[in-house]
*Asks:* 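Sharing a structure below in structure tokens format, with a few things to ask.
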Amino acid sequence: MQMSNLLGKTLREPPSEADSGSLALLLRAGYISQLMAGAYTFMPLGNRVRLNIENVVRKHMNLSGAQEILMPALQPIEIWEQSGRAAKMKDVLFRLSDRRGRSLALGPTHEEVVTQLAGKFISSHRDLPLTTYQIQTKFRDEARPRGGLVRVREFTMKDAYSFDLDEDGLSDSYDKMFQAYKNIFSECGVPVVPVDADSGAIGGKGSQEFIFITEMGEDTVVQCSGCEYAANLEKATFLQESSAEAQKSLEEVETPNVATIEDLSEFLSIANSSTAKAVLFMATKFESDEEFPVLAVIRGDFEVNDVKLSNALGGAEVRPMEASEAANVGLVPGYISPVNLASEVTVVADRSVISAPNLAGGANREGWHYLNTNYGRDWEADIVTDLAEAQEGLTCEQCDGGILSLARGIEMGHVFRLGQIYAEAFGVSIQDSDGAAVTPTMGCYGIGIGRIFAAAAEVFHDDNGLNWPIAIAPYQVHLVAIGIDKDDAVRDEAYGLYAELIESGIDVLFDDRALRPGVMFNDADLMGMPIRVTVSPRNHENEIIEITGRADGESLTAPRAEGVDSIKAEIHKLRQG
RNA sequence: CGGGGCGUAGCUCAGUCUGGCAGAGCGCUGCUUUUGGGAAGCAGAGGCCCUCGGUUCGAAUCCGAGCGCCCCGACCA
């Protein structure tokens, strides 16, 4: 590619829409251009990066035995109603109608389509295991697109779907995909941490996210200092020391103007962990619009994670209750308790209050608290589960010794053990070796291509510009030709070298513009090809070319006659890592 | 959806408070000089001042409504 003809001018100043360093560089270097909130054009350079990432993904998918297909982005709304996700996804689903008034959706993902497809073509256990994948454009009407390519409304995703006869088969397919993911991220140079994750509205039983740790991330992950344990905050657990203290008798004490856990523990001279906190929420089931009140009970030193609460309620939407609503259900904020609860509320208890004896808590009347409440004796919950949000510095439950820390990150990929929910929803059934009808078990596996793009730019840049790993760089070599408008010999040499490199199968970006050297060098640094080759009158006179690594800035010279071989050797070195 | 900021040349922005000729730097076009890390001069092109409505002799500027973009939060298969 000759730069005199390249679409995409470099900018000296970052466009005002850029908020992060790497996004600003992508815009300045002409890789991407924004059309509207959450929709970007990939310019020639950016498009080559995108294609290279896709090809890395494609290579590892094919190696894992997955088969590439392409399903429509345009989908009938009926399949979304059949799976029940039209209601679950709500406004995220882009909807439109055709000229006959038929309701359609732009696919945010393809479980529905692929399951229906499988139902059409799979009929025997001999057809399994089967994994398909596609690299395709998805549409999601995000409430707030942000972070450049990180959260967009139209984006490229690789999504794979596995079909197996049983759980063991799913485990094999899942493990293969998990390994392929590790290879993909490694080859693209993006460091990721696999974490246990919440499965969200997609359903299923167990999933892991591949998280790129970065300050600009929107997810919080919990990592252990002592073992491999890592989990999304919505899923993370921690060690809760239990007390062997004997149960004491319930007492009611007057506690004027004591309305918070802090007040209470100070007033009673006890630790926060010796109190029970009762938090009110309003919840809405996806199936109906009816709101119902929920009382979450948790030990005073912990906080309720609302995603955990939502999952405990079968995936209900949850919001904090207003004070006026609390009054409506007859509860007194500050003195709320599951003990002697008169109102009709769903009580969800965190496991922390089940084993802890003699907790102080509200008495459901203004100015009074109970001492020594005990689960089972004084009150019971409708649901007992894990609601507590992990915090920095707590102890790991897996290795019993490691300390948990919190970090921000971006989800690069997600692998799910889906199970049979979609196959059941679409009535997919196959015969096993005994001739019995069996519902296949599914897994699904996603990777955001644009997110790898953004993460790689974030990892590989410095103050001067981008610095792509060779596996995804738009071009391997940036050929800078100084003074070709003044010196025909240099001009011939530059064009000759350009032709030779192309002939050798090397991707070259050739700066053939008649500009000052500083401009060309700065553009080369900004655009970030791994290897820069300089041809100039000075070098020509010495019959050499100059080869400079973008990463370390170090130059070496090679005789012109051996130029192509020397460049090939440098490329080979970079490929070896 | 709540809070905040912004919208003027291709890009970054001044001008808005206090109404009165449409501006700067970079980029772009032509010419001259210059040529190893974003050179200099000369001459130019380029505008629906986001949109609509209102106030006014007169609106980029004041008032109202709307739209768009960015940030924080809610949300996030």
Side-chain angles (χ1 to χ4, degrees), chain A residues 8-20 23-24 27-28 30 33-39 80 83-94 105-112 138-148 150-153 155 157 159 197-204 207 209 216-220 232 234 286 306-307 310 315 317-320 410-411 414 416 418 422 444-446 448 464-465 480-487 490 511 513-526 532 534-542 546 548 553 555:
Chain A
K9 187 185 295 294
T10 57
L11 302 172
R12 208 179 282 219
E13 290 177 276
S16 57
E17 72 210 48
D19 64 325
S20 86
L23 175 60
L27 292 162
R28 279 185 55 210
S33 171
Q34 188 182 43
L35 174 65
M36 60 176 174
W80 290 89
S83 68
R85 284 210 292 180
K88 274 190 185 177
M89 303 204 45
K90 291 205 290 193
D91 297 336
V92 172
L93 194 62
F94 267 111
L106 292 175
T109 174
H110 283 73
E111 281 78 16
E112 282 77 2
K138 312 284 186 189
F139 299 88
R140 290 182 194 175
D141 194 356
E142 296 288 351
R144 177 149 98 87
R146 74 180 96 182
V150 172
R151 179 161 296 279
V152 283
R153 297 192 290 178
F155 58 100
M157 183 186 221
D159 47 325
D198 175 55
S199 300
I202 199 167
S207 73
E209 291 171 341
M216 53 190 263
E218 348 170 70
D219 290 337
T220 303
N232 193 302
E234 298 163 353
F286 284 115
D306 49 9
V307 174
S310 166
E317 196 177 312
V318 168
R319 65 172 175 86
I410 299 172
E411 178 187 350
H414 206 156
F416 285 91
L418 264 188
Y422 288 92
C444 73
Y445 318 89
N464 295 325
V480 174
I482 296 171
I484 55 171
D485 56 325
K486 292 288 182 281
D487 188 329
V490 174
D511 195 344
R513 302 172 299 175
L515 295 175
R516 296 174 68 84
V519 177
M520 293 197 274
F521 288 145
N522 281 319
D523 274 354
D525 287 346
L526 178 60
R532 190 184 84 205
T534 310
V535 170
S536 72
R538 198 170 77 190
N539 289 343
H540 178 73
E541 204 157 300
N542 297 322
E546 196 176 333
T548 310
S555 293

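Keep in mind that the numbers below use all heavy atoms, side chains included, and drop hydrogens, waters and symmetry copies. Residue numbers begin at 1 in each chain, while the letters A, B, ... track the order of the sequences.
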*Asks:* For B:U29, what is the paired nucleotide under Watson-Crick or G-U wobble rules, both distances under 3.5 Å?
*Replies:*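 Across all strands, the one nucleotide that pairs with B:U29 is B:A43.
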*Asks:* Taking the side chain as C-beta and beyond, is there a heavy-atom pair between A:S83 and A:Y422 under 4.5 Å?
*Replies:* yes
*Asks:* A:K88 NZ to B:C76 C1': how many Å, rounded?
*Replies:* 15 Å
*Asks:* Considering only atom C1', compute the distance from B:U56 to B:U18 and round it to an integer number of Å.
*Replies:* 16 Å
*Asks:* Send over the distance from A:Q34 CD to B:C11 P, rounded to a whole Å.
*Replies:*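 Those two atoms, CD and P, are 12 Å apart.
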*Asks:* Might you list the N or O atoms of the protein lying below 3.5 Å from N or O atoms in nucleotides 41-46 of chain B, with each pair's distance?
*Replies:*
none

*Asks:* Can you tell me how far P in B:A60 sits from the matching atom in B:U51, rounded to whole Å?
*Replies:* 11 Å
*Asks:* With both distances kept under 3.5 Å, what pairs with B:A65, Watson-Crick or G-U wobble?
*Replies:* B:U51
*Asks:* Roughly how many Å apart are B:A59 and B:G20, using the C1' atom of each and rounding to a whole number?
*Replies:*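 Each nucleotide's C1' atom is 10 Å from the other's.
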*Asks:* Determine whether more than 12 heavy atoms belonging to other residues, nucleotides or ligands lie under 6.0 Å from atom CD of A:E541.
*Replies:* no
*Asks:* Using a 4.5 Å cut-off on heavy atoms from C-beta on, say whether the side chain of A:E411 contacts that of A:N232.
*Replies:*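 No; the side chains remain at least 4.5 Å from each other.
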*Asks:* Grab the NZ-P distance between A:K90 and B:C75 for me, whole Å please.
*Replies:*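 Result: 11 Å.
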*Asks:* Taking atom P in both B:U61 and B:U34, compute the distance separating them and give it to the nearest angstrom.
*Replies:* 50 Å
*Asks:* For the C1' atoms, the ones on B:U16 and on B:C31, what distance do you get once it is rounded to whole angstrom?
*Replies:* 40 Å
*Asks:* Any chance you could measure A:N522, atom CG, to A:R516, atom CZ, to the nearest 0.5 Å?
*Replies:* 12.0 Å
*Asks:* Could you give the CG-to-P distance, from A:L93 to B:C75, as a whole number of Å?
*Replies:*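 Going from A:L93 (CG) to B:C75 (P), I get 20 Å.
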*Asks:* Can you check the distance between B:A65 and B:G4, where both ends of the measurement are the P atom (answer in whole Å)?
*Replies:* 14 Å
*Asks:* Can you give one letter per nucleotide of nucleotides 22-38 of chain B, going 5' to 3': B for a protein heavy atom under 4.0 Å from the base, S for sugar-phosphate only, - for none?
*Replies:* ---BSSS-----BBBBB
*Asks:* Round to a whole Å and report the spacing from CG of A:L27 to P of B:G10.
*Replies:*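 From A:L27 CG to B:G10 P: 18 Å.
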*Asks:* Strictly by Watson-Crick or wobble contacts shorter than 3.5 Å, is anything paired with B:C1, and which nucleotide is it?
*Replies:* B:G73
*Asks:* Check this for me, if you would: do A:R144 and A:E218 make a salt bridge, where the nitrogen-to-carboxylate-oxygen distance has to be below 4.0 angstrom?
*Replies:*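 Judged by the 4.0 Å cut-off on N to carboxylate O distance, A:R144 and A:E218 do not form a salt bridge.
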*Asks:* Quickly work out the A:E17 CD to B:G10 C1' distance and round it to whole Å.
*Replies:*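 Going from A:E17 (CD) to B:G10 (C1'), I get 13 Å.
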*Asks:* Rounded to the nearest 0.5 Å, how far does CZ of A:R532 lie from OG of A:S555?
*Replies:*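 Here the interatomic distance stands at 6.0 Å.
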*Asks:* Do any N or O atoms from the side chain of A:R85 and from the backbone of A:W80 form a donor-acceptor pair under 3.5 angstrom?
*Replies:* no
*Asks:* Nearest 0.5 angstrom please: A:H540 NE2 to A:I484 CD1, how far?
*Replies:*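 Rounded to the nearest 0.5 Å, the NE2-CD1 separation comes to 13.5 Å.
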*Asks:* Tell whether A:R144 reaches the base of B:C75 with its side chain through a donor-acceptor pair below 3.5 angstrom.
*Replies:* no
*Asks:* Please determine, for B:C57, whether a Watson-Crick or G-U wobble partner exists with both distances under 3.5 Å, and give it or none.
*Replies:* B:G20
*Asks:* Assign each of A:E234 and A:A37 to its nearest nucleotide of RNA chain B by heavy atoms, then name whichever residue's nucleotide is nearer the 5' end.
*Replies:* A:A37
*Asks:* Of A:M157 and A:P145, whose closest RNA chain B nucleotide lies nearer the 5' terminus?
*Replies:* A:P145
*Asks:* Any chance you could measure A:F521, atom CZ, to A:N464, atom CG, to the nearest 0.5 Å?
*Replies:* 13.0 Å
*Asks:* Output yes when a side-chain donor or acceptor of A:N539 lies under 3.5 Å from a complementary backbone atom of A:V535, and no otherwise.
*Replies:*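 No, because the side chain of A:N539 does not come within donor-acceptor range (under 3.5 Å) of the backbone of A:V535.
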*Asks:* Distance check needed: B:C70 C1' versus A:M216 CE, whole Å only.
*Replies:*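 After rounding, the gap between these two atoms is 15 Å.
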*Asks:* B:C67 P sits how many Å from A:M36 CE, rounded?
*Replies:* 16 Å
*Asks:* Using the C1' atom as the reference point in each nucleotide, state the distance between B:C75 and B:A22 in Å, no decimals.
*Replies:*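 Result for the C1' pair: 43 Å, nearest Å.
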*Asks:* Residues in salt bridge (Lys or Arg N to Asp or Glu O under 4.0 Å) with A:E546, at least two apart?
*Replies:* none
*Asks:* Roughly how many Å apart are B:U12 and B:G38, using the C1' atom of each and rounding to a whole number?
*Replies:* 16 Å
*Asks:* Taking pairing as Watson-Crick or G-U wobble with both contacts under 3.5 Å, can you name the mate of B:A9, or confirm there isn't one?
*Replies:* none
